[in-house]
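These notes are about the structure you will find just below.
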Amino acid sequence: MKLYVDTSTKQVMVSKDPVEKMDQNGRQRTERDTGRPMWSTQVFVQDDDGGEVITVTTAGEKPSVKVGQFVTVSRLEALPWATNGRNGVAFRAVEIKTSGPVAKSA
């Protein structure tokens with residue numbers, strides 16, 4: 001079962017520029033089925049209950065977004081994981097694209 005996160009009522013802003021998702025040998029990871037390169041983009045997701053920083057993985061072209069930009073995240077999927085006594089949630093999306101101007105810092 002896939003767990004999709006509805007981001008339509010949330011503000012999402014890039015908090016760290018996209019970077020190559022690396023494997024344990026220092027090479028950029030690729031998607032198993034397609035061979036497309038994978039990217040990690042850190043975003044801040046906020047709604048009426050507060051906010052959280054998450055890292056979102058995408059595959060294909062490097063997302064054309066930068067720190068401070070509001071973005072839309074297409075088909076954000078939450079992927080719970082557990083290994084060696086540790087656990088967490090990874091996030092993957094089909095696409096991250098700009099949705100507004102860069103936020104001004106105070």
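Atom OG1 of residue T58 and atom CD1 of residue I96 lie 5.0 Å apart, to the nearest 0.5 angstrom.
Listed here is the closest heavy atom pair of P37 and Q28: CB-NE2, 3.5 Å.
Summarising the local packing, CZ of R75 is surrounded by 12 or fewer heavy atoms from other residues, nucleotides or ligands at distances under 6.0 Å.
Residue F44 is not grouped with residue V56 when hydrophobic side chains (ILVMFWY) are merged at heavy-atom distances under 4.5 angstrom, including chains of intermediate members. In the hydrophobic cluster analysis, where Ile, Leu, Val, Met, Phe, Trp and Tyr join through side-chain heavy atoms closer than 4.5 angstrom, V65 is grouped together with I54. Tracing side-chain contacts under 4.5 Å through hydrophobic residues (I, L, V, M, F, W, Y), one never reaches W39 starting from V94; they form parts of separate clusters.
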Could you go through residues 6-25 and list every donor-acceptor pair under 3.5 Å that involves a side-chain atom there, pairing it with any protein atom two or more places apart or in another chain?
| from | atom 1 | to | atom 2 | distance (Å) |
| --- | --- | --- | --- | --- |
| D6 | OD1 | S8 | N | 2.9 |
| D6 | OD1 | S8 | OG | 2.7 |
| D6 | OD2 | S8 | OG | 3.3 |
| K10 | NZ | D47 | OD2 | 3.2 |
| S15 | OG | Q42 | O | 3.3 |
| S15 | OG | Q42 | OE1 | 3.1 |
| D17 | OD1 | V67 | N | 2.9 |
| K21 | NZ | T57 | OG1 | 3.3 |
| D23 | OD1 | N25 | N | 2.8 |
| D23 | OD1 | G26 | N | 3.0 |
| D23 | OD1 | R27 | N | 2.9 |

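Side-chain atoms of E31 never come within 3.5 Å of backbone atoms of M38 as a donor-acceptor pair (strictly under, hydrogens ignored).
The only member of L79, L76, V73 that meets side chain to side chain contact (heavy atoms under 4.5 Å, CB included) when paired with R92 is L79.
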